[in-house]
2 protein chains.
Amino acid sequence: MARAYDKGMVPAVTVPRLALYLRKLRELQARGVRTISSQDLADKIDLNAAQIRKDFSYFGEFGVRGVGYDVPRLIDEIMKSLGLNRSWSVIIVGAGLLGTALARYKGFSEQGFRLVGMFDSSPKVIGKSYGPGKVRAMSELEQFTREEAVDIAIITVPAHAAQATIDRIVAPNIGVKAVLNFAPVKVFAPKDVVVRQVDLSSELMFLSFYLDRE
Amino acid sequence: MARAYDKGMVPAVTVPRLALYLRKLRELQARGVRTISSQDLADKIDLNAAQIRKDFSYFGEFGVRGVGYDVPRLIDEIMKSLGLNRSWSVIIVGAGLLGTALARYKGFSEQGFRLVGMFDSSPKVIGKSYGPGKVRAMSELEQFTREEAVDIAIITVPAHAAQATIDRIVAPNIGVKAVLNFAPVKVFAPKDVVVRQVDLSSELMFLSFYLDRE
DNA sequence: GAATGTGAATTTATTCACAGCA
DNA sequence: TGCTGTGAATAAATTCACATTC
């Protein structure tokens with residue numbers, strides 16, 4: 001499944017850009033565009049063309065000089081590069097407002113992220129179903145992961161519970177290796193676990209900073 | 001309201017870190033910590049101490065040599081730097097799953113972001129209330145902004161509608177100057193409008209990339 | 001002729017390392 | 001002595017510019 005190049009050589013900032021390219025390329029493909037140059041793509045997403053070519057170059061040589069990139073081929077290559085040519089199983093821990101909204105969000109399953117379960121410690125929500133996610137008790141987590149491999153955990157618990165939840169999720173008997181944390185705290189995890197933080201109030205503060213000029 | 005330094009001199013990457021420092025400092029303050037050194041703070045959030053000191057240095061000299069930083073003072077300075085010593089009015093455009101979940105989310109109002117309205121074009125949701133946000137028809141947007149100044153728009157409409165929605169929101173008669181876009185498309189706005197993109201499926205793809213090693 | 005792929009140059013961000021102050 | 005504030009050094013990311021290929 002892994003590819004020939006070394007992932008460690010790919011700058012971390014390149015990865016979200018690949019997702020951006022992928023989206024635009026799919027849109028182009030849907031409109032019947034078969035070939036695109038780095039310059040045309042750059043114009044469409046307001047980026048430098050050399051940036052795009054360099055980003056691709058970490059993964060191989062996908063283009064044709066004098067011509068450009070074949071759109072379907074490029075989509076396929078980016079999907080392979082991002083590990084999207086397979087399905088990943090996801091659990092959501094925390095069935096509050098955000099967790100349940102995410103459970104019913106279509107965008108994830110469209111990209112091959114399969115929600116296999118939800119967990120919460122509150123009896124009020126245990127047993128309820130949100131989209132494909134039936135809420136189980138936190139106490140069932142270990143048993144559940146013995147029967148179903150879980151690749152990714154989305155954490156939507158309150159801030160004060162986030163670190164303890166993550167400690168539990170990444171414990172060897174559960175073995176989750178990737179965490180998307182929506183709790184507004186910086187969390188720690190072992191080096192072999194990828195953690196990505198989404199922080200909504202931090203995003204608003206970013207806007208506030210740039211709004212606050214005279 | 002604006003401060004003495006030039007915002008253009010502050011690296012964009014510093015701004016989200018300020019939000020991070022702020023959160024940790026508030027937690028420390030709640031635990032009764034009065035003073036902290038850059039090194040202690042760095043240890044707590046897994047960052048380099050010089051990074052923290054340099055970030056602060058863009059805004060002034062808040063520390064005391066040989067001692068460290070006074071926690072309440074530093075909180076106050078960061079809040080001023082981020083423009084959080086005032087309240088910002090926010091509208092949510094798109095009353096779907098995510099929009100309604102955000103409307104009821106407490107974290108925003110705690111930071112001084114005041115939800116003043118929600119808008120949607122679907123008759124199914126117009127008139128409903130979610131937390132502090134009553135959903136109005138999109139057609140009322142112009143009238144509404146004539147009566148109530150709106151600083152920030154959170155966009156939670158479907159991807160295909162995002163650019164048109166943003167074009168409307170930033171039009172001179174509405175005058176929104178900051179946009180937090182949850183729609184999974186890169187959107188364009190005039191240079192004087194700050195746009196911040198939150199892309200959930202891109203975050204999952206990031207995890208997928210690092211998961212996909214042998 | 002046109003557009004890729006990539007070393008080199010540049011710009012931006014991080015970290016070092018230390019002078020200077022409490 | 002201890003820790004800040006910051007120039008200088010380093011590292012990382014972006015952009016240029018051009019040789020190379022179709």
Side-chain angles (χ1 to χ4, degrees), chain A residues 3-21 25 28 33-75 77-78 81 186 206 209, chain B residues 3-21 25 28 33-75 77-78 81 186 206 209:
Chain A
R3 314 187 77 206
Y5 54 83
D6 177 1
K7 286 221 165 80
M9 297 286 92
V10 181
V13 285
T14 285
V15 181
R17 279 200 300 263
L18 290 180
L20 182 66
Y21 304 151
L25 288 164
L28 291 167
V33 177
R34 305 305 311 269
T35 298
I36 193 160
S37 68
S38 58
Q39 188 57 62
D40 283 355
L41 187 56
D43 292 344
K44 288 183 194 304
I45 53 187
D46 198 20
L47 241 63
N48 181 291
Q51 172 96 267
I52 294 178
R53 296 198 301 275
K54 182 141 287 191
D55 283 342
F56 293 161
S57 77
Y58 297 117
F59 301 93
E61 305 195 0
F62 307 146
V64 179
R65 284 154 202 250
V67 178
Y69 299 90
D70 179 76
V71 173
R73 161 91 195 281
L74 193 49
I75 289 172
E77 294 290 354
I78 295 175
S81 302
K186 167 134 193 189
F206 187 97
F209 176 81
Chain B
R3 314 185 77 205
Y5 53 85
D6 177 0
K7 286 220 165 84
M9 297 287 92
V10 181
V13 285
T14 286
V15 181
R17 279 200 300 263
L18 291 180
L20 182 66
Y21 305 150
L25 288 165
L28 291 167
V33 178
R34 305 304 312 269
T35 298
I36 193 160
S37 69
S38 59
Q39 187 58 61
D40 283 355
L41 186 56
D43 292 344
K44 287 185 194 302
I45 52 185
D46 198 20
L47 240 63
N48 180 290
Q51 172 97 266
I52 294 177
R53 296 198 301 276
K54 182 140 289 192
D55 283 343
F56 293 161
S57 77
Y58 297 117
F59 302 92
E61 305 196 1
F62 308 145
V64 180
R65 284 156 202 248
V67 179
Y69 298 90
D70 179 74
V71 173
R73 160 92 195 280
L74 193 50
I75 289 172
E77 294 289 355
I78 295 175
S81 302
K186 167 133 195 192
F206 187 97
F209 176 81

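From a predicted model like this one, the values you see are computed outputs, not experimental measurements. Worth knowing before you read on, the calculation uses all heavy atoms, side chains too, and leaves out hydrogens, waters and symmetry mates.
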Peer 1: Between A:Phe56 and A:Ile78, is there a side-chain heavy-atom distance shorter than 4.5 Å?
Peer 2: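 Heavy-atom side-chain distance check passes, below 4.5 Å.
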
Peer 1: Can you work out whether B:Val64 or A:Arg17 has the more 5'-proximal nearest nucleotide on DNA chain D?
Peer 2: B:Val64

Peer 1: With nearest nucleotide decided by heavy atoms, which residue, A:Ser57 or A:Gly66, maps closer to the 5′ end of DNA chain C?
Peer 2: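 Between the two, 5'-proximity favours A:Gly66.
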
Peer 1: How many Å lie between CZ on B:Arg65 and P on D:dG5, as a whole number?
Peer 2: 6 Å

Peer 1: Taking the side chain as everything from C-beta on, heavy atoms only, tell me whether B:Tyr21 gets closer than 4.5 Å to B:Leu47.
Peer 2: yes

Peer 1: Could you tell me which non-hydrogen atom of A:Ile45 sits nearest to which non-hydrogen atom of B:Lys186, and how far apart they are?
Peer 2: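 In terms of heavy atoms, the two residues are closest at O-NZ, 3.1 Å.
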
Peer 1: How long is the line joining CZ of B:Phe56 and C1' of D:dT4, in whole Å?
Peer 2: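 The answer, rounded to whole Å, is 12 Å.
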
Peer 1: Which whole-number value in Å describes the distance from A:Arg53 CZ to D:dT21 P?
Peer 2: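 In whole Å, D:dT21 P and A:Arg53 CZ are 16 Å from each other.
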
Peer 1: Starting at CG of B:Asn48 and ending at C1' of D:dT6, how long is that distance when rounded to a whole Å?
Peer 2: 14 Å

Peer 1: Does a nitrogen or oxygen in the side chain of A:Tyr69 sit under 4.0 Å from OP1 or OP2 of C:dG5?
Peer 2: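 Affirmative; the distance criterion is met.
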
Peer 1: For the pair made of CE in B:Met9 and P in C:dA13, what is the distance, rounded to whole Å?
Peer 2: 11 Å

Peer 1: Just so I know, are the side chains of B:Tyr58 and B:Ser81 near enough to count as touching, which here means a heavy-atom distance under 4.5 Å?
Peer 2: no

Peer 1: Do the side-chain N or O atoms of A:Tyr58 get closer than 4.0 angstrom to the phosphate oxygens (OP1, OP2) of D:dA13?
Peer 2: no

Peer 1: Within this structure, what is the NZ-to-P distance between B:Lys54 and D:dT4, rounded to whole angstrom?
Peer 2: 15 Å

Peer 1: When we call it a touch if two heavy atoms are under 4.0 Å apart, what does A:Ser38 touch: a base, just sugar-phosphate, or nothing?
Peer 2: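 Contact class for A:Ser38: sugar-phosphate only.
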
Peer 1: Could you state the atom-to-atom distance from CG of A:Asp55 to P of D:dA13 in whole Å?
Peer 2: 11 Å

Peer 1: Here's a test of your reading of the structure: between A:Gln51 and B:Ala50, which maps to the more 5' nucleotide of DNA chain D?
Peer 2: B:Ala50

Peer 1: Identify the two heavy atoms, one from B:Asp70 and one from B:Arg73, that lie closest to each other, and give their separation to 0.1 Å.
Peer 2: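 The answer is OD2-N, 3.0 Å.
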
Peer 1: Roughly how many Å is it from CD1 in A:Ile36 to P in C:dA3, rounded to a whole number?
Peer 2: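 Atom CD1 in A:Ile36 sits about 11 Å away from atom P in C:dA3.
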
